[in-house]
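One structure is given below, encoded as structure tokens.
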Amino acid sequence: MEKNIESYLIEKRVFKAPRSFARTARIPSRAVYERLYRESIRQPEKFWAREARELVWQAPWKRVLEWKAPFAKWFIGGRLNISENCLDRHLTTARRNKAAIIWEGEPGDRRTLTYQQLHREVCRFANVLKRNKIRKGHRVIIYMPTIPEAAIAMLACARIGAVHSVVFGGFSADSIRDRIADSGAVAVVTADGGYRRGAVVPLKKNVDDALTGETSIKRVIVFRRTASDIHMEEGRDVWWHRELEYVNADCPAAPLESEHPLYILYTSGSTGKPKGILHTTGGYLVGAYCTTKYVFDLRDEDVYWCTADVGWVTGHSYVVYGPLANGATTLMYEGAPDWPEPDRFWRIIEDYGVSVLYTAPTAIRAFIRWGDAWVRKHDLTSLRLLGTVGEPINPEAWMWYHEKIGGGRCPIVDTWWQTETGAIMISPLPGATATKPGSATLPFFGIDAAVVDEQGEEVGPNVGGKLVIRRPWPSMLRTIYGDKTRYKKQYWSEFKGSYLTGDGARRDHDGYFWIVGRIDDVLNVAGHRLGTSEIESALVSHKHVAEAAVVGRPDEMKGQGVVAFVTLKENVTASPSLKEELRKHVSTHIGAIAKPDEVRFAEALPKTRSGKIMRRLLKEIASGRTVTGDTTTLEDFNVLARLSRGEE
Ligand code: WTA
């Protein structure tokens with residue numbers, strides 16, 4: 001952490017918001033930002049109520065906030081429906097025939113759905129859900145490629161008050177099984193497959209594997225995407241397109257209480273089991289709507305493209321709910337950025353005239369490596385605004401993005417937030433905030449962010465500490481599904497009344513936030529969160545493994561790489577093939593993203609006297625180049641451990 005703080009301290013470049021941009025922006029200057037921010041902190045309820053009134057409520061709220069720390073309720077007494085706010089409310093305006101979703105599949109197939117068409121498809125699929133006995137409050141797993149039907153399924157659940165839980169298409173059968181068990185879901189919506197780098201991802205097969213044995217799942221609805229040969233289980237599985245034949249497009253949006261659950265999204269924490277982050281209706285919508293409006297400063301003419309998969313929170317808030325609530329045109333792309341060639345993104349931007357691009361630093365680093373020639377082949381002058389999310393962006397990658405993609409004219413919004421926060425928390429506003437490469441800059445309206453020391457005291461400029469949020473905000477998580485105790489303990493127990501983000505940060509003399517990264521046992525691999533203990537649990541479930549410790553090491557492309565130290569059970573021989581087997585084992589248990597980059601065998605793991613694994617030591621070893629050549633060599637940590645124990 002200290003090292004990062006040092007390196008960022010030398011970053012001196014500042015980029016003012018371009019005047020041409022500021023002229024038309026909703027927040028046109030730093031002064032206007034300051035004024036609204038002050039109001040939002042002094043009178044948060046006034047600020048949020050004004051934003052909420054821009055949306056459609058079927059019954060008005062009686063109170064804006066009820067805060068019984070750490071449990072918040074927003075817009076109490078209000079009734080609304082998110083799908084109505086994302087769809088119906090645009091149908092009485094000129095947006096009726098505007099593109100809501102522009103989609104491109106990896107093989108090159110294209111579809112555009114206007115707001116009217118999307119509304120119709122959502123209503124029909126909502127009726128399919130009802131026909132299949134899915135009711136308000138039921139949990140539904142969505143395991144799909146990034147195709148319009150993923151958004152349709154989410155919005156259809158929201159329309160009838162079913163709670164969706166989207167599982168990223170790269171996760172394995174075991175991960176689906178865990179999420180079904182934890183959420184008690186009654187149905188899965190999936191596809192026969194999805195395209196990734198020219199191959200078909202066997203989504204339905206993974207669902208079948210997840211459903212062996214006891215399960216709460218009664219129905220699997222399958223969308224035909226790849227026409228692959230799949231198994232359909234009689235009495236359980238039905239085809240999406242067949243079901244549509246039985247329904248009409250008349251489905252009024254259910255009037256839901258503001259605190260009605262909208263979705264559960266599983267994310268990694270510092271224990272072995274992913275946490276089901278629960279978001280509810282009114283507050284979440286207000287957060288997603290209002291951050292999209294101000295941070296991307298969307299216009300009706302924009303073609304807005306957030307490259308995230310719908311399986312991540314960014315896909316929820318900034319591919320689906322935020323843009324549609326704003327009546328924007330949101331572009332979805334199904335596949336890989338380097339398929340068939342490394343210029344796929346730039347081709348898409350040129351073909352559709354994309355004006356706002358929101359992507360991840362890990363993708364930017366990959367583009368840099370693939371070379372500028374791919375970028376130069378395309379006309380990117382339609383772009384007016386760029387964004388990043390998912391991990392700290394190193395200043396050099398920021399500069400490349402600014403110059404090579406933004407042509408030096410587009411502001412960059414480096415947005416810091418989390419699955420738990422539901423919406424952007426710290427970010428520049430493009431017409432108001434001068435940016436510094438590598439800094440997420442200033443807090444969004446209503447967000448009381450601070451950097452504190454171990455005692456919870458706010459630290460001075462350029463001192464590193466823990467990033468906390470000192471008051472509730474509308475789109476905050478409400479709990480960890482089924483585990484209030486863990487919710488309290490994980491996020492609210494360290495500093496009374498403050499939400500602990502798990503990130504380290506510092507603020508500079510201008511009050512700008514510089515996020516350093518996770519300070520808990522969570523890795524950030526290519527912008528994806530992975531709990532080290534989750535990977536350890538997977539390793540230990542292998543019959544030959546006695547103990548495992550997983551740490552991160554710096555990785556130029558992925559931000560962090562995964563290194564696993566493993567001790568084997570007695571009489572098991574270390575071999576390169578066993579290493580490969582263990583890497584595969586993690587992949588089948590969690591998903592390919594969690595696959596260790598390196599497995600190292602050890603005689604024993606270095607431990608403190610109280611038996612805690614000395615991760616700091618392992619991290620040093622993992623990042624160093626101490627072991628080369630034959631990587632099956634057993635590492636004997638006993639000596640190292642004895643040496644380091646003196647410092648404990
Ligand atoms: C990291 C993704 C630095 C951070 C929306 C956070 C960032 C975790 C940024 C959440 C950023 C996200 N700068 N770090 N702009 N954005 N992070 O839940 O460590 O997948 O805690 O949500 O990503 O990851 P999650």
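In this chain, residues are counted from 1 in sequence order. This one's a predicted model, so the numbers in the text were calculated from it and none came from an experiment. We count ligands from 1, going down the list as the structure has it; atoms in each ligand are counted the same way.
When all heavy atoms are compared, the tightest approach of Phe296 to Arg384 is O-NH2, 3.6 Å. Heavy-atom minimum distance, Arg478 versus Phe71: O-CD2, 3.9 Å.
The protein residues lying under 4.0 angstrom from ligand 1, judged by non-hydrogen atoms, are Val313, Thr314, Val389, Gly390, Glu391, Pro392, Asp414, Thr415, Trp416, Trp417, Gln418, Thr419, Asp503, Ile515, Arg518, Asn524, Arg529.
When each of Ser475, Ser317, Ser427 is checked for a side chain to side chain contact (heavy atoms under 4.5 Å, CB included) with Trp417, only Ser317 meets the rule.
With ring centers used as reference points, Phe445 lies under 6.0 Å from Tyr33.
Applying the side chain to side chain donor-acceptor pair (under 3.5 Å) criterion to Trp103, with sequence neighbours excluded, gives no partner residue.
Figure legend: cation-pi geometry between Arg179 and Phe171, with NZ or CZ positioned under 6.0 Å from the six-membered ring centre and within 45° of its axis.
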